[in-house]
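Counting starts at 1 for both ligands and their atoms, in listed order. We count residues from 1, following the sequence as given. Just so we're clear, the structure is a prediction, and the values are computed from it rather than from any experiment.
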Amino acid sequence: MLRIDVVTIFPGLFEAFLRESIVGIAGTSGALEVGVHDLRRFTKDRHRTVDDAPYGGGPGMVMKPEPLVEAIEALAGPKGSERRARVLLLTPQGTRFDQSRAAGLASGGNLVLVCGRYEGVDQRVIDLAVDEEVSIGDYVLSGGEVPAMVVIEATARLLPGVLGNPDSAGSESFEGGLLEGPQYTRPAVYRGLPVPEVLLSGNHAAVAKWRAERAREITKRRRPDLLRAAGEEGTTR
Ligand code: JAH
């Protein structure tokens, strides 16, 4: 059983996600437990303050260290080898999250995901309490909540027993390191556009070959970086 605890000032954002997504299914199957924790519960002042103005001036606010460090330590213990969980901060400054990172998390120990907001978190939170900074990509968001959901979902669907069908995760985009080619369902002709004949042929070897060709083709066109990573450069085309 993998346990993931999330620290956020918007716990309500996770409600439908945890109830309705594959993550909910993972929870029901006993493979995953997710706890969501309101950062404001770890404040001590009347106004439950989680942010303050940046030293040195400038726009916006910074997340103050005390509530975050206390929340993280309550969930993961003090930073060091005896820690109960690995602590990840979702931030544009982090190293990029990808499928291999998801696989590593799915086969590793418990996690605490820390969602920043505002212009960022006080550096001492990172120094004292965070193990790793993780980014899901180069775009500006309003906080780490959506990235935390991305990390949770990508990890949950790799847990043994989660889909009920251990093979279904493996056949989708990426697990082969390439993009998937086009998919079709009925009807066989829609608005004059036919489904490629080979898919109707019943010839499973021909179907597999056609799909492998289309996958290589779209990957070469759109994501040549993936083709090189998969070591497929120059095979077919
Ligand atoms: C924005 C704290 N990698 C995407 C990403 C992750 C986190 C944030 N933005 C983008 C973010 C504001 C405050 C984190």
Derivation of the salt bridge (charged side-chain N to carboxylate O under 4.0 Å, His left out) call for Asp98 and Arg96: CA-CA 6 Å; Asp98 62 11; Arg96 182 68 65 83; over 6 Å; no
Salt bridge present between Lys209 and Glu213 (N-O < 4.0 angstrom): yes
Residue pairs passing the salt bridge (charged side-chain N to carboxylate O under 4.0 Å, His left out) test where at least one lies in residues 107-119, sequence neighbours excluded: Arg117-Glu145
Verify same cluster id: Val125, Leu128 (apolar side-chain graph, 4.5 Å): no
Test salt bridge (charged side-chain N to carboxylate O under 4.0 Å, His left out) applied to Glu217 and Arg214, step by step: CA-CA 5 Å; Glu217 182 178 76; Arg214 297 291 78 72; 3.1 Å; yes
Per-ligand residue contacts, ligand 1, heavy-atom threshold under 4.0 Å: Leu90, Thr91, Pro92, Gly116, Arg117, Tyr118, Ser135, Ile136, Gly137, Tyr139, Leu141, Ser142, Gly143, Gly144, Pro147
Tyr184 atom OH, over 12 foreign heavy atoms within 6.0 Å: yes
